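Scroll down for the structure; my scribbles are underneath it.
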Amino acid sequence: MTTKLEIPTAEGVFTAHYSQHGLARLDFPAAQPAVGKPKKETAALPAQISRWHRLTVDALNEALAGRAPRLLPPLDLSAGTEFQRRVWSALRRIASGRTRSYAEVAAQIGNPRASRAVGGACGANPIPVLVPCHRVLAANHAVGGFSGGLGWKRKLLAREGIAVR
DNA sequence: TAACATTCCGCGC
DNA sequence: GCGCGGAATGTTA
């Protein structure tokens, strides 16, 4: 079971998905205004979820402003494969304003030749922004790619004061 | 098996 | 030095 809640921000309306274990997914604002509303935030929401949601809203707004969130909700990354979870936890260790190359991340998880695969895992990241997949650049310090749209990646990097080619 | 959000090396300019 | 082509590479659906 998963609960969808909207998060209005200066950059648009994000959508958060919660499972029993925490925040399971975060979606960028739809390019065009969503046709069918995701799901209305109605009456009784489990106390735990509204608690998590407050944390998510604060963290997301901090992150979008280029500041490091001080507190995150619990993240439910159980949907990923073993390899993906290793990559994602490596990503979470990259400090705000810092970057790593795909190869460096690969080395960090003990699989130096898997830089290409690391790119794949970044693309599969269900919680962009909060799990900072945008801080991973190509070895030559070029931007690389981004599933959510390169514009987002550039914007997020710029907010953190990171210069790219 | 094919498709990648990579990287490295060699060549030609 | 820069740009381009091509091969090696690990993971996924």
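Protein chains get the first letters and strands the later ones, always in sequence-line order, with residue 1 at the start of each. This structure is a prediction, so every number in the text was calculated from the model and none was measured. Side chains are part of it too, since the values below use all heavy atoms of this structure and drop only hydrogens, waters and symmetry mates.
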Given [options], identify the nucleotide with an atom nearest to the side chain of [X].
X        : options              : result
A:Ala138 : B:dT7, B:dA5, C:dT11 : B:dT7
A:Arg113 : C:dG10, B:dT7, B:dA5 : C:dG10
A:Lys153 : B:dC8, B:dA5, C:dG10 : B:dA5
A:Ser101 : B:dT7, B:dA5, C:dG10 : B:dT7

Between [X] ([atom1]) and [N] ([atom2]), how many Å, whole number?
X        : N      : atom1 : atom2 : value
A:Ile109 : B:dT6  : CD1   : C1'   : 14 Å
A:Arg165 : B:dT6  : CZ    : C1'   : 15 Å
A:Arg100 : B:dT7  : CZ    : P     : 14 Å
A:Arg154 : B:dA5  : CZ    : C1'   : 13 Å
A:Arg86  : C:dG10 : CZ    : C1'   : 11 Å
A:Phe28  : B:dA5  : CZ    : C1'   : 13 Å
A:Phe83  : B:dC4  : CZ    : P     : 17 Å
A:Gln84  : B:dA5  : CD    : P     : 13 Å

Next on the checklist: In the structure I gave you, are the side-chain heavy atoms of A:Gln20 and A:Gln48 within less than 4.5 Å of one another anywhere?
Outcome noted: no
Checklist entry - Below 4.0 angstrom from OP1 or OP2 of B:dA5, is there any side-chain N or O of A:Asn125? => result no
Next on the checklist: Below the 4.0 Å mark, does B:dT6 have OP1 or OP2 next to a side-chain nitrogen or oxygen of A:Arg116?
Outcome noted: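 True: A:Arg116 side-chain N/O within range (under 4.0 Å) of B:dT6 OP1/OP2.
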What does [X] touch in the nucleic acid at a heavy-atom separation under 4.0 angstrom: a base, only the sugar-phosphate, or nothing?
X        : value
A:Gly123 : base
A:Tyr102 : base
A:Asn140 : nothing
A:Ala114 : sugar-phosphate

Closest approach of [X] to [Y] (non-hydrogen atoms, all atoms of both residues):
X        : Y        : answer
A:Leu71  : A:Ala59  : O-CB, 3.8 Å
A:Ala114 : A:Ala106 : C-CB, 3.9 Å
A:Ser96  : A:Gly66  : OG-O, 4.0 Å

Item to check | Any donor-acceptor N or O pair under 3.5 Å, side chains A:Thr9, A:Asn61 | outcome: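 Side-chain D/A pair, A:Thr9 to A:Asn61: absent.
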Checklist entry - Name the stems with DNA chain C in them: runs of three or more consecutive Watson-Crick or G-U pairs, distances under 3.5 Å? => result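 For DNA chain C the paired stretches long enough to count as stems (3 pairs minimum) are B:1-4 with C:10-13, B:6-13 with C:1-8.
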Next on the checklist: Parallel, tilted or perpendicular, judged at 30° and 60°: which one describes the rings of A:Phe14 and A:Trp152?
Outcome noted: perpendicular
Next on the checklist: Let's go through A:Lys155 and A:Glu11 carefully: what are the C-alpha distance in whole Å and the side-chain angles of both, what is the deciding distance for side chain to side chain contact (heavy atoms under 4.5 Å, CB included) to 0.1 Å, and is it a yes or a no?
Outcome noted: CA-CA 10 Å; A:Lys155 176 173 284 189; A:Glu11 310 294 340; 3.0 Å; yes
Next on the checklist: Under a 3.5 Å distance rule, please check whether A:Glu104 uses its side chain to pair with a backbone N or O of A:Ser101 as donor and acceptor.
Outcome noted: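 Present.
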